[in-house]
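Report on one structure; see the data block that follows.
Heavy-atom basis, side chains included; hydrogens, waters and symmetry copies ignored.
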Amino acid sequence: MTAFVHLPGGTGPAGSPAAPPRPGRNGLLPYLLLLPGAAWLAVFFVVPLCQLAAASLYDPAGSLATGYAMTWAFGNYPDALAAYWPQFGRSFLYAGAALVLALLLGYPLAYAIARKAGRWRNVLLVCVVAPMFTSFLVRTLAWKTILSDNGALVGLLRDVGLLDTDGRLLATPVAVVLGLTYNFLPFLVLPLYASLERLDPRLLEAAGDLYAGPVQTFRRVVLPLSLPGLTAGTLLFFIPASGDYINAELLGTPNEYMIGNVIDSAFLVRLDYPQGAALSFLLMAAVLAVVFGYLRRGGGTQEFR
């Protein structure tokens, strides 16, 4: 009787190497599964991106009526940056301020849902994502009502002396930052919740057994283990917030306009496609620089001592 043994490559007679796997349809299957997604990205991302890059180099003297000539006008980039650098700075300032406020609100909320909510966990998660069931525009308009000069919030702040009798919240940078925080807060809370929910409670017990106080336990155990979710959440929050224009449009004035408002005006009002495309690429480059700089400095992977 012929003896058979199990070998890494397959099964064959004892003492003889197993035959290597035959290339066939199974070897191509992963690539075939990637085709729909790759085709979608090519048609709806790569092609429009190339068209936008070409539009940013059109002759700025052209128009929709006369047409745009490809003159490789790289000067569109420094001209656009020189004209609208305050809006660039304001975009990152507002997005950064909203991110700090969202962290102060979102981290305790995510921790409470993950570690303390018990049977109310699912209910609280639904409350976090429930605003996403309505339109972004409707949610921002609701904040316009909340922050109005005749609203209950402004009246309360005036009564306690935090606002002057003629003070206001609407049409101020505070209103824009509050709107950004509210609209993008779920993008920060949900990744944080996912990281904190997987936290092994035995690690917290071990920290207590080693005489670590609550602050030291948070700094040495909870925060390092939640850094992957924190990194994902901060990026998911900051990237769309820095390019937003709805909050500044509805809750602010032209003095609070961000770079997204300028791009919207360039494409839809002034019909200056070269400048709008150049500003879009400058914004994308600035966001990518911030993201790569953040990740390069060890966001989500650094150790706390």
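- Checked options Leu109, Ile113, Leu230; the residue passing with Leu192 is Leu230 (criterion: side-chain contact (heavy atoms from CB on, under 4.5 Å)).
- In terms of modelled atom types and a separation under 3.5 Å, the side chain of Thr172 and the main chain of Leu169 share a donor-acceptor contact.
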For the pair Arg168 and Val154, evaluate side chain to side chain contact (heavy atoms under 4.5 Å, CB included) and give the outcome as yes or no after the intermediate values. CA-CA 7 Å; Arg168 60 185 321 209; Val154 172; 5.6 Å; no
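- For Arg115 (side chain) and Leu199 (main-chain N/O), a donor-acceptor pair under 3.5 Å exists by modelled atom type.
- Taking every heavy atom of both residues into account, Leu185 and Phe237 meet most closely at N-CE1, 3.9 Å.
- In this model, no donor atom of one side chain and acceptor atom of the other lie less than 3.5 Å apart for Ser148 and Thr145.
- A 4.5 Å side-chain heavy-atom check between Leu101 and Leu180 finds every atom pair outside the cut-off.
- Side chain of Arg90 to main chain of Tyr257: a donor-acceptor pair is present (N/O by atom type, distance under 3.5 Å, no hydrogens or angles).
- Minimum heavy-atom separation, Pro240 to Leu235: CD-O, 4.1 Å.
- Contact detail for Tyr68 and Leu271: the closest heavy-atom pair is OH-O, 3.0 Å.
- No side-chain donor-acceptor contact under 3.5 Å links Tyr94 and Ser242.
- In this structure the side chain of Leu103 never reaches within 4.5 angstrom of the side chain of Val100, judged on heavy atoms.
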Apply side chain to side chain contact (heavy atoms under 4.5 Å, CB included) to Tyr193 and Val128, showing your working. CA-CA 11 Å; Tyr193 163 79; Val128 170; over 6 Å; no
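- The main-chain N or O of Ser56 is found under 3.5 Å from a side-chain atom of Asn76 such that the two form a donor-acceptor pair.
- Between Leu81 atom CG and Leu279 atom CG the span is 8.5 Å, to the nearest 0.5 Å.
- The OG1 atom of Thr66 sits 9.0 Å away from atom CG of Asp59, with the distance rounded to the nearest 0.5 Å.
- A salt bridge between Glu197 and Arg121 is present, with a side-chain N of the basic residue lying under 4.0 Å from a carboxylate O of the acidic one.
- Rounded to the nearest 0.5 Å, atoms CG (Leu188) and OG1 (Thr181) are 10.0 Å apart.
- Defined by atom type and a distance below 3.5 Å, a donor-acceptor pair is missing between the side-chain atoms of Asn261 and Asp264.
- Using cut-offs of 30° and 60° for the angle between ring planes, the Phe218 and Tyr107 rings count as perpendicular.
- Within a 6.0 Å radius of CG in Asn150, no more than 12 heavy atoms belonging to other residues, nucleotides or ligands are found.
- To the nearest 0.5 Å, the span separating CG on Asp244 from CG on Asn183 amounts to 7.0 Å.
- Classified by interplanar angle (parallel below 30°, tilted 30° to 60°, perpendicular above 60°), the ring pair Phe267/Tyr273 is tilted.
- With Asp200 contributing its side chain and Arg202 its backbone, the two residues share a donor-acceptor pair below 3.5 Å.
- The backbone N or O of Asp272 sits nowhere less than 3.5 Å from a side-chain atom of Gln275 that would complete a donor-acceptor pair.
- By the 30° and 60° cut-offs, the orientation of the rings of Phe44 relative to Trp40 is tilted.
- No side-chain donor-acceptor contact under 3.5 Å links Thr71 and Tyr58.
- Arg139 contributes a side-chain N or O that, together with a main-chain N or O of Pro131, makes up a donor-acceptor pair within less than 3.5 Å.
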